[in-house]
Amino acid sequence: MKMDDCIFCKIANGQIPSKTLYEDERFRVILDLGPATKGHALILPKEHSANLYELPDDTAGAVMQLAKKMAYMLREKLHCDGLNLMQNNGATAGQTVEHFHLHIIPRYLDDGQNINFVHGEPSQEELEAVRSEIVGND
Ligand code: 5GP
Ligand code: ZN
């Protein structure tokens, strides 16, 4: 399904031009317009899903295989020192475009980016409370 008012549907399906790194029947990989680092790319499925929850299972699997392919390509061509994958769901998590996309962010020594967590320090009891909230006590 294509959404008429979705910018990533239009980009993925070629109605709006983009800096494309890769394309096949199901996906387009583009350069992010506001890159975190040199080579910051987005994997866009051509079929519209708003987020991970809506993404068909087979597409989800294919996205990760394509991420690996792109990781090799970016490392070979840009000589990055590392790479982050990021995928935001919901405004609270930083999602600004409601068409599923996976960020592929090459990392370079001293690139000035800070894509890291602020780590908490829960007790074992607190971790256990979360575990049982998610999966129960059995
Ligand atoms: P989100 O915050 O939803 O995870 O990521 C959206 C990303 O899409 C941002 O990194 C933003 O820079 C990028 N972006 C937004 N609009 C466009 C566009 O029209 N073209 C391209 N290439 N990237 C876009
Ligand atoms: Zn869309």
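Order of listing sets the numbers, starting from 1, for every ligand and every atom in it.
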| query | If you look at His48, which of its N/O/S atoms is nearest to the Zn ion (ligand 2)? | reply | ND1
| field | Asp24-Tyr22 side chain donor-acceptor pair, cut-off 3.5 Å | value | yes
| task | Give yes if a backbone or side-chain nitrogen or oxygen of His40 is under 3.5 Å from a nitrogen or oxygen of ligand 1, and no if not. | result | no
| remark: Among non-hydrogen protein atoms, atom 14 (N) of ligand 1 lies closest to Phe8 CZ, 4.0 Å
| request: Under 4.0 Å from a heavy atom of Gly34: give me the atoms of ligand 1 that qualify, with their elements. | output: 12 (O)
| said: Please determine whether a side-chain nitrogen of the Lys or Arg among Arg26 and Asp58 lies less than 4.0 Å from a carboxylate oxygen of the Asp or Glu. | reply: yes
| message | Between Leu42 and His101, is there a side-chain heavy-atom distance shorter than 4.5 Å? | response | yes
| task | For atom 2 (O) of ligand 1, grab the closest protein heavy atom and report residue, atom and distance to one decimal in Å. | result | Gly94 O, 2.8 Å
| request: Report yes or no: does Arg107 contribute a side-chain atom to a donor-acceptor pair with the main-chain N or O of Gly82 at less than 3.5 Å? | output: no
| note | Counting from 1 in the order shown, the ligand 1 atoms closer than 4.0 Å to a non-hydrogen atom of Leu42 are 8 (O)
| note | The atom name of the N, O or S atom in His99 nearest to the Zn ion (ligand 2) is ND1
| request: Would you mind finding which of Gln95, His103, Met86 brings a heavy atom closest to atom 4 (O) of ligand 1? | output: His103
| request: Find all atoms of ligand 1 within a distance of less than 4.0 Å from any non-hydrogen atom belonging to Ile11, and give their numbers and elements. | output: 18 (C), 19 (O), 20 (N)
| task | Indicate the ring-plane relationship of His99 and His48, choosing parallel, tilted or perpendicular according to the 30° and 60° boundaries. | result | perpendicular
| message | Judged on heavy-atom distance to atom 6 (C) of ligand 1, which of Ile30, Thr96, Ile7, Ile16 sits nearest? | response | Thr96
| For Leu33 and ligand 1, does the shortest N/O to N/O distance drop below 3.5 Å? | yes
| said: Please confirm whether Ser18 approaches ligand 1 to less than 4.0 Å, judged on its heavy atoms. | reply: no
| task | Among all protein heavy atoms, pick the one closest to atom 1 (P) of ligand 1 and tell me residue, atom and distance. | result | His101 NE2, 3.1 Å
| task | Decide, yes or no, whether a salt bridge links Lys46 with Glu25 under the criterion of side-chain N to carboxylate O below 4.0 Å. | result | no
| Of all the non-hydrogen atoms in the protein, which one sits nearest to atom 9 (C) of ligand 1, and at what distance? | Asp32 OD2, 3.3 Å
| request: Return the residue, atom name and 0.1 Å-rounded distance of the protein heavy atom closest to atom 15 (C) of ligand 1. | output: Val97 CG2, 4.1 Å
| query | Relative to ligand 1, is Phe100 under 4.0 angstrom through side chain, backbone, both or neither, heavy atoms considered? | reply | neither
